[in-house]
Amino acid sequence: MKFRSALVAGTAAFLSLASLPSIASAEVTVLGWPGGSEETALRAAVETYNALPATAAEDKVDLLFFNRDGFYDKLQADLAAGSDAFDINLIATYSIGRYAPFMEPVDLGADAEKVFGKPILETMQFEGKQYGVPTDLSLHFMYYRKDLIDALLADQGAKAKYAEIAQKYLGKSLEPKEPDAWTWEDWAATALYFTKAVNPDSPVRYGTVLQMKNLLFNMMVFQSLPRAYGADWMDESGKVTVDSPAYRAGLELYKKLYDAGATPKDSLSYEYPETNAAWTSGQVATALQWNAAAADLMNPEKAPAVAEDTAAVAPPAGPEGRKDHIHGLGLGLNKNSKHKEGAVRFLKWLATEDAALAYAKAGGSPGLAPAVVEKIAKERPDLVKLGEFAGKYGYVMRGATSAKALSVYEAQAKEFTAYWADQKTLDDALAAATKSMTDLLK
């Protein structure tokens, strides 16, 4: 979610990167993501690399940072113009397709998969080729109030009420479970049980808080539900498959919870900050939210009412198991680089275990394989779940790294929010989404 602001085109004027003077202090120039932990971690990693005895003078790396506003649009323009002001540039999972024509694939070496794991490396792939080193990862946690769940599991009378609610709304009698064993139906039953409008005895007002605003990032949060039922954007032949039983199941479940009052009625205008605000109010039992929110939701200073009782697990399971949307930031090779050999050497080093650990220790959020993340677990316990969930449950939809990936999410947001808001039938919403996606992905 921390990448979201980079995707909004800014109105400020920019100097073209193509017109920047060459940087004399190093042969290899890296255009990184400005601000935040990503810049801090990259600076530390570069400092480590430049200090290595094996790093020749002509391979030393210098950093270039630009304004966040309109970054991605500006980067595309400079790459298309043939800029050689940078040798390595930032890429993101959902924008690789835009830049691939102006970049070269990179071979990170056989050990890269041992460091990151296959799903993490795939966040930097396009049409089967590796275009970059994954540096920072985002996915989703299912947050829950452990005090409320513990009380439910210990109360026989509550269990009976829970089963009654599940039968009425979901058509089957269910028993409460530990969150780490939830299916999506278990989660829905739990959300309904902790909803005042459904269960007047609920200690909180809402069982969950759904991000239903017409916004592309909300589709990333939502789609792990249909993915767990077998959904994908396209089949192997390239045919759009969004009108499927899997997407229908997910869309209908969200609407059922919304109509029952399990999420606030103004959830149709909710995204990341509204979800955090609802959670910290102490009136919500569960929430599917970005991993980046953990730093706030579990911080006693920022969420004094709930921090100590907030816990997180991976998203629930469906017929196809547990699935967790992942995307990341990374660094790849500019086709017009004048220092490709040195640039590739740096990228390969960045994909080693030593480099990944140095990056993590400096505040970055790389998705690391279990054996690697163990070495930093005490310093960065949040990365343990990040790496575990990404490695076990992470996925990238077929077509989600294409040049039009962001537009696909926008088309889905427009149609799915219209369905949830009763502005369109489910059939009409899926038909419109299919048409838009077919045009975008052809």
Side-chain angles (χ1 to χ4, degrees), residues 3 23 26-34 36-65 75 86-93 95-96 99 103-126 129-138 326-335 337 339-369 371-373 375-376 380 383 386-387 390-391:
F3 313 135
I23 298 175
E27 291 294 333
V28 179
T29 301
V30 177
L31 174 63
W33 179 240
S37 60
E38 298 90 354
E39 178 177 341
T40 301
L42 183 57
R43 287 188 181 279
V46 166
E47 184 177 347
T48 298
Y49 180 75
N50 286 344
L52 293 174
T55 303
E58 63 269 19
D59 281 354
K60 290 189 182 295
V61 174
D62 207 343
L63 289 169
L64 177 64
F65 294 100
L75 173 57
F86 48 88
D87 305 290
I88 294 171
N89 57 270
L90 183 85
I91 52 176
T93 304
S95 63
I96 295 177
Y99 308 141
M103 298 179 65
E104 289 188 4
V106 290
D107 179 1
L108 300 179
D111 290 339
E113 188 169 328
K114 297 177 183 178
V115 175
F116 300 106
K118 188 172 183 290
I120 308 304
L121 287 178
E122 288 177 348
T123 66
M124 294 289 111
Q125 292 176 7
F126 179 65
K129 297 178 180 179
Q130 192 76 35
Y131 275 88
V133 181
T135 54
D136 294 272
L137 185 70
S138 278
I326 56 175
H327 69 241
L329 290 181
L331 294 170
L333 180 63
N334 178 3
K335 182 182 290 186
S337 166
H339 312 289
K340 288 183 181 178
E341 291 185 3
V344 169
R345 279 192 283 271
F346 175 68
L347 289 172
K348 284 188 173 182
W349 175 81
L350 203 57
T352 64
E353 180 178 306
D354 287 346
L357 291 175
Y359 191 88
K361 289 176 182 178
S365 297
L368 302 173
V372 178
V373 79
K375 299 178 180 181
I376 199 172
R380 294 292 306 276
L383 294 186
L386 183 69

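Closest approach of Leu108 to Ala351, counting heavy atoms only: CB-CB, 4.1 Å. Residues Ala45 and Leu350 share a closest heavy-atom pair of CB-CD1, 4.3 Å. Of all non-hydrogen atoms in Ala360 and Leu383, the two that sit nearest each other are CB-CD1, 3.7 Å. For the residue pair Pro134 and Thr123, the shortest heavy atom distance occurs at CB-OG1, 4.1 Å. Here the closest heavy-atom approach between residue Glu39 and residue Trp33 is recorded as CB-O, 3.7 Å. Nearest heavy-atom pair across Ala343 and Asp87 is CB-CB, 4.1 Å.
The backbone N or O of Ala44 lies less than 3.5 Å from a partner atom in the side chain of Thr48, making a donor-acceptor pair. Although no hydrogens or angles enter the test, the distance criterion places no donor-acceptor pair under 3.5 Å between the side chain of Asp136 and the main chain of Leu329. Looking only at distances, a side-chain donor or acceptor of His339 sits under 3.5 Å from a matching main-chain atom of Glu27. With hydrogens and angles disregarded, a donor-acceptor distance shorter than 3.5 Å links the side chain of Ser95 to the backbone of Ala92. The backbone N or O of Gly328 sits less than 3.5 Å from a side-chain atom of Thr93, completing a donor-acceptor pair. Lys60 places a side-chain N or O within donor-acceptor distance of the main-chain N or O of Asn50, the cut-off being under 3.5 Å.
In this structure, CG on Leu357 lies 5.0 Å from CD on Glu353, to the nearest 0.5 angstrom. The NZ atom of Lys118 sits 7.0 Å away from atom CD of Gln125, with the distance rounded to the nearest 0.5 Å. One finds the NZ atom of Lys129 at 13.0 Å from the CG atom of Asp107 (value rounded to the nearest 0.5 Å). The CZ atom of Arg380 sits 12.0 Å away from the NZ atom of Lys361 when rounded to the nearest 0.5 Å. To the nearest 0.5 angstrom, Leu42 atom CG is 5.0 Å from Leu63 atom CG. Met124 contributes atom CE, which lies 4.5 Å from atom CD1 of Ile96 (distance to the nearest 0.5 angstrom).
In this structure the side chain of Leu331 never reaches within 4.5 angstrom of the side chain of Asn89, judged on heavy atoms. Side chains of Leu137 and Pro366 form no contact here, defined as non-hydrogen atoms less than 4.5 Å apart. Looking at heavy atoms from C-beta onward, Asp62 lies out of side-chain contact with Val28 at the 4.5 angstrom threshold. Contact annotation: the side chain of Ile326 never approaches that of Ser138 to less than 4.5 Å [non-hydrogen atoms, C-beta and beyond]. Val344 is listed as a side-chain neighbour of Leu333, based on a closest heavy-atom distance under 4.5 Å. Side-chain contact between Met103 and Asn334 is absent, with no heavy atoms from C-beta onward closer than 4.5 Å. The shortest side-chain heavy-atom distance between Leu368 and Phe116 falls under the 4.5 Å cut-off. The closest side-chain heavy-atom distance from Glu38 to Tyr359 is below 4.5 Å.
Scored by the ring-ring contact (aromatic ring centres under 6.0 Å, His included) test, Tyr49 finds Phe346, Trp349 as partners (sequence neighbours excluded). For Asp111, the salt bridge (Lys or Arg N to Asp or Glu O under 4.0 Å) test picks out Lys114, with sequence neighbours left out.
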- prompt: side chain to side chain contact (heavy atoms under 4.5 Å, CB included) between Val30 and Phe86: does it pass, once the steps are laid out?
  reply: CA-CA 6 Å; Val30 177; Phe86 48 88; over 6 Å; no
- request: Dump the intermediate steps for side chain to side chain contact (heavy atoms under 4.5 Å, CB included) on Gln130 and Glu122, then the final yes or no.
  value: CA-CA 8 Å; Gln130 192 76 35; Glu122 288 177 348; over 6 Å; no
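The pair Glu47-Arg43 does not count as a salt bridge, with every side-chain nitrogen at least 4.0 angstrom from each carboxylate oxygen.
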